[in-house]
Amino acid sequence: MQWETVIGLEIHAQLATKSKIFSSASTAYGAEPNTQACAVDLGLPGTLPVLNEQAVRFAVKFGLAIGAHIAPFSVFARKNYFYPDLPKGYQTSQFDKPIVGLGQLDIEVDGDTKTIGVTRAHLEEDAGKSLHEDYHGMTGIDLNRAGTPLLEIVSEPDMRSAAEAVAYVKKLHTLVQYLGICDGNMQEGSFRCDVNVSVRPVGQDEFGTRAEIKNLNSFRFIEKAIAHEVERQIDVIESGAKVVQETRLYDANKDETRSMRSKEEANDYRYFPCPDLLPVAITSALLDEMRDSLPELPAAKKQRFKQQYGLNGYDSEVLTTQRAMADYYEDAVNFSDGEAKLVANWVMGELSAALNQHNIEIVSSPVSAERLGGLVKRIADQTISGKIAKQVLELMWSSEHSADELIEREGLKQISDTGELEKMIDQLMADNIDQVEQFRAGKTKMIGFFVGQLMKQTQGKANPQELNKLLQSKLKG
Amino acid sequence: MSIQSEDVLKIAHLARLGIEPEQVESYASDLSNIMVLVEQMNQVDTSDIEPMAHPLDQSQRLRADVVLETNQRDVLQENAPAIEDGLFLVPRVID
């Protein structure tokens, strides 16, 4: 039988606020345990939540970016369950009146564009962290993360393959960073993903029973976990059994999913409106302000890069995936006097390689866009060759000097003076009559020897095009 | 709709309430009476009335995103039965 995969995703994006969603405690990552957990976060009796304005603004901004309906009134609800990292006994979340309603996002897979529905996005608080290492048979609880604002983004079950799911997650990941509402750090858990997977015979309208896979903190794991889970479900059905609705955990080490808990009981959350929080009103003034604050979004930027800079789809995609890289690229193009393609090659090639090697983000690049643009300008006007430019980039990496200063100081200027090159070629040919004759006897590869020798003599500064042209004509005699 | 003994036990478990076995019956009957009241209210036609999310006819006041809290861990952990390395210790939970 032919099977079709159906995937829906829930993504928790940690909002980049300074303080928590309902308290004035810090959200900074990596602090000593429980030093950023105040009385509100601990759920002590008598405390009351006060909603963080920035969290609301970020949620609205996201909603506008996916063309969603923003609820004029949204309501916080209590989701009740008991777990020690949730000290109040309920998570303050939103249920039937979320702040962001139906929206959509376009993804591209293998050159085809597909629209994925976003059912809703709602505000909620994060829980603390349980440490199961051995504390004399007890569990350690760190509540620093408790109360951190999250935007839970729920998709429609619109995806039909792991590749589509990953494309969607990447799109969202890029979008929230563009909007500046989430730092997107998956290792630190700022952007987490739960996947709902089911299979059904091709042609069937009803969905199959789904399993939810939690704990996917990289794009690669999402893809692998879905692939594994689809296979497991098909095996279950084809062996005559039924898929059970449950939560499964992906184990990256074993590359398998395993059952976590059966959902029927765990799911009895008894939501009800939170009496401690009033409905949240979104005014039209706030909507206008947020609409005006929207940056150019990734899809629009990619399109503009293709048109304005004449880049191909791949280059535009790579350069616009991170807003910081797109900004850097555009600055560098300006400083290079418009060498769009050459700058693209250098940003995506040499610069990215060096940044990766040193594990540095492009915003902290030791070589600024201005200096890289200046370097590319000198390649374009043939002051230096691409090979010498790599040397200059290395020198720039560890200094504050401009390309021009370094080219001058190190005497790296390319020799394009035909007279000078001709003199050197004549001398070299006179000293190596054997090789000249071999060339003339048809061993044309011998030209490499002459290029090599001359490059050595000029320390790589001979203009390669000029050199080649002169050598060809002189060797042929 | 009437509440049965099993319902009482289930709700009590979900809310982590300890109920004496001999109290189950009386809770079932009390809760059933509340449901009767709800049924009665359900008969009022509310189709023209906007649902109310909160008894106060106001909207939520918002707080500026500023960190004001300082580290109070020592004070806040004074009442904790067990702590170590700055962590609260609780009976072992394994998912």
Side-chain angles (χ1 to χ4, degrees), chain A residues 17-20 22-28 31-42 44 50-56 73 75-76 80-85 87 89 97 128 130-132 135-143 249 260-261 265 268 270 273-275 277-281, chain B residues 1 3-4 6-19 31 34-35 38 41 46 49-95:
Chain A
T17 57
K18 296 185 185 72
S19 66
K20 295 192 176 172
F22 298 123
S23 84
S24 304
S26 170
T27 56
E32 282 287 296
N34 292 307
T35 54
Q36 293 176 171
C38 70
V40 175
D41 308 327
L42 262 50
L44 293 188
V50 188
L51 183 58
N52 186 335
E53 181 181 29
Q54 188 71 303
V56 173
F73 284 96
V75 175
F76 280 98
N80 299 281
Y81 67 93
F82 286 94
Y83 206 75
D85 59 21
K97 291 192 167 54
S130 303
L131 296 125
H132 299 291
Y135 285 99
H136 332 291
M138 298 182 87
T139 293
I141 304 289
D142 175 8
L143 294 169
L249 206 64
M260 207 168 129
R261 61 180 176 229
E265 195 200 358
D268 205 342
R270 294 149 295 136
C274 180
L277 288 156
L278 291 155
V280 180
Chain B
M1 180 187 170
I3 304 279
Q4 308 299 314
E6 309 84 84
D7 299 323
V8 172
L9 291 172
K10 188 183 172 205
I11 296 165
H13 170 69
L14 286 171
R16 302 295 189 272
L17 293 173
I19 289 180
L31 289 171
I34 294 173
M35 297 308 282
V38 172
M41 291 195 288
T46 55
I49 295 171
E50 210 176 306
M52 181 177 72
H54 199 280
L56 292 181
D57 189 19
Q58 287 173 9
S59 59
Q60 179 64 38
R61 277 188 56 185
L62 305 175
R63 190 189 94 240
D65 181 27
V66 180
V67 175
L68 299 173
E69 296 287 346
T70 52
N71 175 17
Q72 307 273 342
R73 185 172 74 183
D74 291 345
V75 183
L76 292 169
Q77 290 191 332
E78 258 171 39
N79 292 323
I83 51 172
E84 192 172 317
D85 299 342
L87 299 163
F88 293 96
L89 296 190
V90 299
R92 187 162 198 134
V93 275
I94 297 276
D95 229 280

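The chains referred to below are lettered A, B, ... by the order of the sequence lines, with proteins before strands, and numbering in each begins at 1. Values below: all heavy atoms of this structure, side chains included; hydrogens, waters and symmetry mates excluded.
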* To do: Determine the option with the most heavy-atom pairs under 4.5 angstrom with chain A, choosing from B/S59, B/P55, B/A64, B/A53.
  =>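 With the most close heavy-atom pairs to chain A, the winner is B/S59.
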* Residue B/N79 versus chain A: region with a heavy atom under 4.5 Å ->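 Neither; nothing under 4.5 Å.
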* Under 4.5 Å heavy-atom distance to chain A, tell me which part of B/V66 shows up: side chain, backbone, both or neither. =>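 For B/V66, the backbone is the part near chain A, not the side chain.
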Heavy-atom pair with the smallest gap, counting every atom of [X] and [Y]:
X     : Y      : result
B/R92 : A/H132 : NH2-O, 3.1 Å
B/A82 : A/M138 : CB-CE, 4.5 Å
B/V67 : A/K18  : CG2-O, 3.5 Å
B/L87 : A/P33  : CD2-CB, 3.7 Å

How about [X] and [Y]: do any of their side-chain heavy atoms sit closer than 4.5 Å?
X     : Y      : result
B/H54 : A/P279 : yes
B/L14 : A/N80  : no
B/E69 : A/K20  : no
B/L76 : A/N34  : no

Hey, what do you get for [atom1] ([X]) to [atom2] ([Y]), rounding to the nearest 0.5 Å?
X      : Y      : atom1 : atom2 : result
A/N52  : B/R63  : CG    : CZ    : 4.5 Å
A/Q36  : B/R73  : CD    : CZ    : 11.0 Å
B/I11  : A/D268 : CD1   : CG    : 9.0 Å
B/Q72  : A/L42  : CD    : CG    : 11.0 Å
B/L68  : A/C38  : CG    : SG    : 10.0 Å
A/H136 : B/L89  : NE2   : CG    : 6.5 Å

Which atoms of [X] are under 4.5 Å from chain B, going by heavy atoms: the side chain, the backbone, both sets, or neither?
X      : answer
A/L249 : neither
A/L51  : both
A/S23  : backbone
A/F22  : backbone
A/V75  : side chain
A/A55  : neither

Heavy atoms only, distances under 4.5 angstrom: which of [options] has the most pairs with chain B? Name it, please.
options              : answer
A/V40, A/V280, A/T17 : A/T17
A/F73, A/F76, A/F82  : A/F82
A/P84, A/P273, A/A37 : A/P84

* Just wondering, more than 12 heavy atoms not from B/R61 lying within 6.0 Å of its CZ? ->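 Counting neighbours around CZ of B/R61, 12 or fewer heavy atoms of other residues, nucleotides or ligands fall under 6.0 Å, so no.
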